[in-house]
Asks: 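Below is one structure. I have some questions about it.
Each chain gets a letter, A, B and so on, in the order its sequence line appears, and its residues count up from 1.
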Amino acid sequence: MTLLRHSFSIRFAPKAPYDFTLTVRKPAGWTLFSSIEAFEKGFLWTAAHIEGILVGMKLSSEGTVDAPQVVAELFTERRMPTRRQKAIGRALRRNIGADDDLGGFYDIARRDDILKHVLDDLYGMHSTSQSTIFPDAALAILLQMAPIKRSNAMIDCFITNYGEMAEFEARRIPSWPLPAQLAGRDPAELAKACKLGYRAKRLVELAKKIDSEGFPDTEELERLAPEESKRLLLGLPGIGPYSADIVDPHGGFPIDVWSADVFGKLFFGEEPKDKRADIECIKTEGLRRWGKWSWMAFLYVVQDLENLSKKLEIKLRLI
DNA sequence: GCGTCCAGGTCTACC
DNA sequence: GGTAGACCTGGACGC
């Protein structure tokens, strides 16, 4: 437990359109940083390591979708000098997609037979990210070969037991574990404590590799060529094509057994006969159809499945 | 109740 | 280089 007794505030204007609620708490229940964060009456309480520092956050919006204003009250263990405050603020802006321009995506989405149906519901929803790749990489490992209910149970247990607990404003929010916190752990202990099965070994191996050899952070990966970024990610233990597409800041099209069913029906009008075998074919069609906007298209579709099912009169498996 | 199947993949041994 | 088979666990399903 780490008590975050010092605080500072920042305020900034994201690039419109920006819907704060849709962005930080996605309709399908996706959280911003921690899987265990509180969203009440327009305020999000969450915690994450930013710039290597555990930061508790109370985020809210005082603007509108077309004239957005985000207010962030940030909590740290030690008093932050102005320079560090600015660095944390810059990273947070980046994490919540505040500077991302949705214009190009909306241009192609309005002309697309699938995406045109989701724009009204999700207008102003931005993609978000973490500062380092470890949380998303660990998340991807915990999503492998398990129903979503079990994955959620594993994630919550993993974060609660092995992450650093941030205490601020009478709230306790667990953050994702850092590689250094996990590298020395016995995989058998993790497997037993959170029923992670074979995933425990992969998590510890991933943590050891990143902790001992280092790895580019999200911003550095984005500056690399997409092929190089993907190559580096695929070199990590436990990270295959599906997980790399979740983690890669260049944006991928992460098709697994569940999304193969959804996108198979959307693209070809029927669910794949052999979902695993057809994953590559469905992924190819998504990348052909949406190109550099494939990740945004994936995000918008999976956040609006119920509406899309009704509009297209197709039965889609919900998350 | 009990046994079997398989799920938001990846790794490895074997050919 | 391509490809079965193994890997944890627990809910769903058939009997």
Asks: Would you classify Leu139(A) as touching base, sugar-phosphate or nothing, given that sugar-phosphate means primed atoms plus P, OP1 and OP2, and contacts are heavy atoms under 4.0 Å?
Replies: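 Leu139(A): no heavy atom of the nucleic acid under 4.0 Å.
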Asks: Rounded to whole angstroms, how far apart are CZ on Phe298(A) and P on dG8(B)?
Replies: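 The distance from CZ of Phe298(A) to P of dG8(B) comes to 13 Å, rounded to the nearest Å.
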Asks: Which is it for Phe263(A) and Phe298(A) under the ring-ring contact (aromatic ring centres under 6.0 Å, His included) test, yes or no, and what are the steps along the way?
Replies: CA-CA 9 Å; Phe263(A) 285 94; Phe298(A) 179 91; 5.5 Å; yes
Asks: Expressed as a whole number of Å, how far does the P atom of dG5(C) sit from that of dC5(B)?
Replies: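 Going atom to atom, P in each nucleotide, I get 14 Å.
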Asks: DNA chain B: Trp258(A) or Gly238(A), which has the more 5' nearest nucleotide?
Replies: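 Whichever sits nearer the 5' end wins; that is Trp258(A).
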Asks: Rounded to whole angstrom units, what separation is found between the OH atom of Tyr242(A) and the P atom of dC11(B)?
Replies: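 Distance, rounded to whole Å: 14 Å.
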Asks: In whole angstrom, give the distance that lies between atom CD of Gln144(A) and atom P of dC11(B).
Replies: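 Result: 8 Å.
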Asks: Measure centre to centre between the rings of Trp258(A) and Tyr242(A), then say whether the value is under 6.0 Å.
Replies: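 Not under 6.0 Å, so no.
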Asks: Nearest-Å distance, NZ (Lys201(A)) to P (dT12(B))?
Replies: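 Result: 7 Å.
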Asks: Does a side-chain heavy-atom distance below 4.5 Å link Pro27(A) with Met125(A)?
Replies: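 Answer yes - side chains close enough.
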Asks: Strictly below 4.0 Å, N to O, side chains only: are Glu219(A) and Arg90(A) in salt-bridge contact?
Replies: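 The answer is no: the pair does not qualify as a salt bridge.
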Asks: Which part of the nucleic acid, if any, lies within contact of Pro237(A), taking any heavy atom under 4.0 Å across all strands shown: a base, the sugar-phosphate backbone alone, or nothing?
Replies: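 Sugar-phosphate, backbone atoms only, no base.
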Asks: Give a yes or no on this: more than 12 heavy atoms of other residues, nucleotides or ligands lie within 6.0 Å of atom CZ of Arg150(A).
Replies: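 Correct, the count exceeds 12.
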Asks: Flag the pair Glu51(A) / Arg84(A) as yes when at least one side-chain heavy-atom distance between them is below 4.5 Å, and no otherwise.
Replies: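 Contact flag for Glu51(A)/Arg84(A) side chains = yes.
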Asks: Shoot me the first and last contacting nucleotide of DNA chain C against chain A, ordered 5' to 3', at under 4.0 angstrom to non-hydrogen atoms.
Replies: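 Extent of the interface on DNA chain C: dC7(C) to dG10(C).
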Asks: NA contact type, Ser151(A), heavy-atom cut-off 4.0 Å: base, sugar-phosphate, or nothing?
Replies: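 Nothing: the residue Ser151(A), judged by heavy atoms under 4.0 Å, touches no strand.
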Asks: Are side-chain N/O atoms of Tyr162(A) and Glu189(A) paired as donor and acceptor at under 3.5 Å?
Replies: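 Yes, a side-chain donor-acceptor pair sits under 3.5 Å.
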Asks: Should the pair Trp290(A) and Phe267(A) be assigned to parallel (<30°), tilted (30 to 60°) or perpendicular (>60°) ring geometry?
Replies: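 Correct class here is tilted.
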Asks: Roughly how many Å is it from CG in Leu196(A) to C1' in dT10(B), rounded to a whole number?
Replies: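 Value for this atom pair: 16 Å.
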Asks: Could you spell out the base pairing of DNA chain C in dot-bracket, with Watson-Crick or G-U pairs whose two distances are under 3.5 Å, [ ] crossing and | to another strand?
Replies: |||||||.|||||||
Asks: dC13(C) and dG8(B): how far apart are their P atoms, nearest whole angstrom?
Replies: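 After rounding to an integer number of Å, I get 13 Å for this pair.
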Asks: Is the base of dG8(B) syn or anti, where syn means the angle lies within 90° of 0?
Replies: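 You should classify dG8(B) as syn.
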Asks: For the pair made of CG in Asp261(A) and P in dG9(B), what is the distance, rounded to whole Å?
Replies: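 Computing the Asp261(A):CG to dG9(B):P distance gives 12 Å.
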Asks: Check every strand shown and say whether Ile239(A) touches a base, only sugar-phosphate, or nothing at a heavy-atom separation below 4.0 Å.
Replies: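 Touches sugar-phosphate only.
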Asks: Figure out the CG/C1' separation between Leu142(A) and dA7(B), and round it to whole Å.
Replies: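 Between C1' of dA7(B) and CG of Leu142(A): 15 Å.
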Asks: Could you state the atom-to-atom distance from CG of Leu305(A) to P of dG8(B) in whole Å?
Replies: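 Distance, rounded to whole Å: 13 Å.
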Asks: Does Arg317(A), at its CZ atom, have more than 12 non-hydrogen atoms belonging to other residues, nucleotides or ligands within less than 6.0 Å?
Replies: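 Check passes, neighbour count above 12.
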Asks: Quick one, Ser131(A) with Asp217(A), criterion side-chain hydrogen bond (donor to acceptor under 3.5 Å, both in side chains). Give me CA distance, side-chain angles, the key distance, then yes/no.
Replies: CA-CA 6 Å; Ser131(A) 297; Asp217(A) 64 23; over 6 Å; no
Asks: Rounding to an integer number of angstrom, what distance separates dC8(C) and dT12(B) when you compare their P atoms?
Replies: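 Going atom to atom, P in each nucleotide, I get 13 Å.
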